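Every value quoted in this text rests on a predicted model; they were computed, and no experiment measured them. We use all heavy atoms of the structure for the numbers below, so side chains are in, but hydrogens, waters and symmetry mates are not. A, B, ... follow the sequence lines: proteins, then strands. Residue 1 opens every chain.
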Amino acid sequence: MDAKQHALWIVAGLKKAGIDFVATLPDEKMVEVIRTIEGDPGLKHIPLCREEEGIGICAGAYLAGKKTALIMQNAGFLNSCNALTTTCLQFQIPTLLLIYYAGDMGDRGFTTLGSVTEPALQALGIRYSILRKTDEIDETLCGAQILAEDSKKPVAVLLTKNVLGVK
Amino acid sequence: MMQRYDFLKAIAGDAGDALAVCTGWGAREWWALRPGDGNLKTRTLGLVSSIAAGLALALPHRKVIAIDGDGAFLMNLCGLPTIALQSPPNLIHLLFDNECYEASGGTATASHVADAVALAKGAGYKHATWVKTPAEFRTEFVQTWKRNELTLIATKVEPGQPGDLPPLRLDEIENKYRFMRYLEETEKRGILNPGFDSKL
């Protein structure tokens, strides 16, 4: 497992999907992804203090033509549910949500968070895919972004330890 | 003390083609004073400043005005350091502090003890200042526009608005499309994804 290599693959996938504007709030498991984004001159990186404001920043940037993604842990996804509802869904504004799936099968310490993540996405009507294999990164990220733009809604990709190359 | 409308009226003629992000009663007042498709009315309490910041970052050559209130401002305090970290010079953050949740029934906010200008400065805003009168407000607004650095201009106002404000005749979706089409027109480039049918 090489988290740096996996981060390069994920960020390359984001760029293939057309993403050029990324707001982030770290989970330990996604640090290499965020460092790679920070170091990439082709991506505008906005570090956040709380995930909900990231929805606002991404929504504003989308209105002006940016292709936006928000990278966060699933706790942060829960923090952003009101903004997802009353900004993204109510105005039909897409954004790609890359969510670290804490409490996924095999992940310790966040079982309660893990158990509400998919039901919360379903309740909001946000379509999602769980990314478990590195050879599915490009297809999943590009597909999710096409779906987001075409449906004009947020689409989520849940990132797992395996795909991030972390233990 | 004056109302928000009196202050907005003082700057409406100076706002040119600036994009304006507003909410609640402030939106109706601003639309009445500066009608047009460069106005966006948000729905998520607190996110006016964040949405305006996203626009300002994506359009660094355009002025973006955030018309904020104390309840929303206090709800999104963690948005301030995020904005200050990027420090978009073209973002003019206006705060109308009536010390209550006016649109939610008028109960008190904490802004009679929490100083918004101190909060913005503490978060890293380059400039933040209180003004008292519409004339001072206009002077500060015009200076901010010329200086082109991230600024919060705050003022205490009485709750309330004129009784004869025209209603806003558009929902969120229409507002969004008109705003984006206005940006396409004025930026002279395509923004909205034309969608699947464009290939037929």
Quick one about A:E38 and A:H45 (side-chain donor to acceptor, distance below 3.5 Å, no hydrogens or angles considered), yes or no? yes

Under a 4.0 Å N-O cut-off, is there an ion pair linking [X] with [Y]?
X: A:D20; Y: A:K67; result: no
X: A:R132; Y: A:E136; result: no
X: A:D40; Y: A:K15; result: yes

Looking only at heavy atoms and a cut-off of under 4.5 Å, which of A:K44, A:Q90, A:R50, A:E52 has the most pairs with chain B? A:Q90

So, the part of B:I83 with a heavy atom under 4.5 Å from chain A: the answer is neither

Give, as side chain, backbone, both or neither, the part of B:R189 having an atom under 4.5 angstrom from any heavy atom of chain A. side chain

May I ask you to name which of B:A58, B:C78, B:P81, B:G190 has the most heavy-atom pairs under 4.5 Å with chain A? B:C78

Tell me which of these, B:I51, B:V21, B:I191, has more heavy-atom pairs under 4.5 Å with chain A than the rest. B:I51

Ring centres under 6.0 angstrom apart (B:F137, B:F96): yes

